[in-house]
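Labels below follow one simple rule: chain letters A, B, ... track the order of the sequence lines, proteins then strands, and each chain is numbered from 1. In what follows, every heavy atom counts, from backbone to side chain, and hydrogens, waters and symmetry copies are set aside.
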There are 2 protein chains.
Amino acid sequence: MMPGSTKILDAAQTLFAGKGLDGVSIREIAEAAGISKATVFHHFESKDALYQAVVRRSCEGIGQLLALLAAREDGDPLISLADYRRQDLEETLAHADVVRLVLRELTLGRDEQARRLAEDVFGEHFIHLRKLLEKAQSTGALRHDMDTGIAAASVVSINLFLFLVWPVLKHLPDTPFVRMEDAAESMFALLVDGLRYQAQAAGGKA
Amino acid sequence: MMPGSTKILDAAQTLFAGKGLDGVSIREIAEAAGISKATVFHHFESKDALYQAVVRRSCEGIGQLLALLAAREDGDPLISLADYRRQDLEETLAHADVVRLVLRELTLGRDEQARRLAEDVFGEHFIHLRKLLEKAQSTGALRHDMDTGIAAASVVSINLFLFLVWPVLKHLPDTPFVRMEDAAESMFALLVDGLRYQAQAAGGKA
DNA sequence: CATGGTACTGACCGACCGGTCGGTTGGTCA
DNA sequence: TGACCAACCGACCGGTCGGTCAGTACCATG
């Protein structure tokens with residue numbers, strides 16, 4: 001259909017993810033895509049428009065992934081939750097450049113961009129997770145005295161945190177962080193225990 | 001002593017935090033610092049050297065903060081832990097520009113920079129948290145069958161995640177994320193419950 | 001054949017980049 | 001007084017930036 005602009009988007013995505021908007025020149029992108037600089041402007045009216053297109057396409061990719069993961073809601077919701085988290089990490093690592101790009105976008109603190117991310121992408125992610133958690137609550141697998149939104153955030157925070165801070169973690173002294181998957185599994189297990197917790201010996205919580 | 005370069009560092013820190021290394025020109029920094037561009041190069045031999053100096057100073061600031069927080073290790077380790085996390089969020093918000101700068105540095109995935117961050121700053125942070133957690137284990141407040149490194153990571157991930165993703169979270173549909181402090185408190189409470197969890201009704205975990 | 005639209009390009013532009021240079025202060029010390 | 005020096009500046013450098021434009025090649029239509 002329009003493989004021309006796709007090639008540009010691919011090249012731009014990789015470069016933007018690695019060096020940010022201002023760290024990459026149109027010349028670089030054109031060279032990586034095997035075309036001339038002017039051709040980039042033939043397909044995209046400005047550098048910023050190209051960048052926005054890259055971000056948008058990345059988000060769409062994430063959205064599709066989430067829809068795919070959400071498709072199989074059956075069986076034990078706790079197992080579904082664990083599967084979801086595991087697959088999410090897999091996809092995060094497989095599309096590391098996209099994730100990095102979105103994360104850097106977040107560090108800019110641009111509120112409007114964040115709102116669009118929330119509406120377009122993470123909204124569904126979030127809703128799906130909440131439903132999964134509510135289902136687990138209704139079967140009695142998880143406790144009822146907690147906000148599913150808070151719990152959902154806790155789940156997604158694990159992969160995001162590990163992905164972002166991993167380079168630091170793996171250099172820590174006496175570190176338990178050797179394989180990211182293992183670390184994520186351990187943190188998730190800890191969280192699930194918190195989600196199952198019923199006030200026992202010590203004072204109860206509202 | 002040397003307020004000249006300090007003024008430059010202050011201006012550069014704010015600008016770099018907001019727009020990244022490549023998004024800021026020396027002219028901008030000079031103007032913000034109220035000096036000429038040439039004077040910037042009188043104090044720093046290159047733009048990159050200035051950027052590194054900003055990052056280094058930011059990290060030192062974080063290190064001092066941590067030393068301060070670590071100073072008061074007394075009483076209930078669980079309360080210390082909660083205080084620690086609360087103060088950490090306060091400081092994170094108070095020095096948002098520094099944190100953003102370091103976070104953006106992390107999105108670049110530069111391994112050497114990350115190693116330095118790990119050695120210079122987060123190493124102590126991490127060790128202190130682990131000690132606190134071990135102490136809590138020894139008093140029986142927290143369970144023993146978990147890695148304190150994993151637990152420490154879970155603690156620091158809360159503030160970091162909320163700080164980074166907050167603009168998205170607060171725009172989510174039917175969101176429980178209204179005040180960041182409250183959300184952090186809730187996530188922390190959930191985590192602590194996981195840390196206290198003793199296998200009960202359902203099957204036990206190794 | 002002409003016509004028209006799309007993909008694409010090299011040459012070019014003004015603005016701005018990081019960085020340098022010669023020179024001017026104002027303070028310190030002998 | 002004069003020598004010295006860090007701090008500072010305006011002017012300038014080569015080079016790169018994002019962006020423009022006239023023109024070419026190609027491939028459909030008629």
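Salt bridge A:Glu185/A:Arg85: present, at least one basic N to carboxylate O contact under 4.0 Å. With respect to B:Asp147 and B:Arg130, a salt bridge is recorded, a charged nitrogen being found less than 4.0 Å from a carboxylate O. Checked for salt-bridge contact, B:Asp22 and B:Lys47 miss the test: no charged N lies under 4.0 Å from a carboxylate O. With salt bridges taken as basic N to acidic carboxylate O contacts below 4.0 Å, one links B:Arg86 and B:Asp83.
When the side-chain nitrogen and oxygen atoms of B:Ser25 are compared with OP1 and OP2 of C:dC17, one or more of them lie within a distance under 4.0 Å. For the pair B:Arg27 and C:dC16, the criterion of a side-chain N or O lying under 4.0 Å from OP1 or OP2 is not met.
Remark: C1' of C:dC17 and NZ of B:Lys19 are 14 Å apart, rounded to the nearest angstrom. As a whole-Å value, the separation of A:Lys47 NZ from C:dC16 C1' is 13 Å. Between A:Phe41 atom CZ and C:dC13 atom P the separation is 17 Å, expressed in whole Å. In this entry the distance linking CG of A:Asp48 with P of D:dC17 reads 17 Å, nearest Å. Separating the CG atom of B:Asp22 from the P atom of C:dC16 is a distance of 18 Å, rounded to the nearest angstrom. Counting to the nearest Å, the P atom of D:dG15 and the CD1 atom of B:Ile26 are 20 Å from each other. Rounded to an integer number of Å, the gap from CD1 of A:Ile29 to P of D:dC17 is 11 Å.
Note on the helix from C:dC1-D:dG30 to C:dA30-D:dT1: angle between the axes of the first and last five pairs equals 0°, rounded to 10 degrees.
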Could you list the protein-to-nucleotides 8-10 of chain C atom pairs, N/O on both sides, closer than 3.5 Å?
{"residue": "C:dC8", "atom": "OP2", "partner": "A:His43", "partner atom": "NE2", "Å": "2.8"}
{"residue": "C:dT9", "atom": "OP2", "partner": "A:Ser36", "partner atom": "N", "Å": "2.8"}
{"residue": "C:dT9", "atom": "OP2", "partner": "A:Ser36", "partner atom": "OG", "Å": "3.3"}
{"residue": "C:dT9", "atom": "OP2", "partner": "A:Thr39", "partner atom": "OG1", "Å": "2.5"}

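Annotation: side chain of A:Leu93 is not in contact with side chain of A:Val99 (no heavy-atom distance under 4.5 Å).
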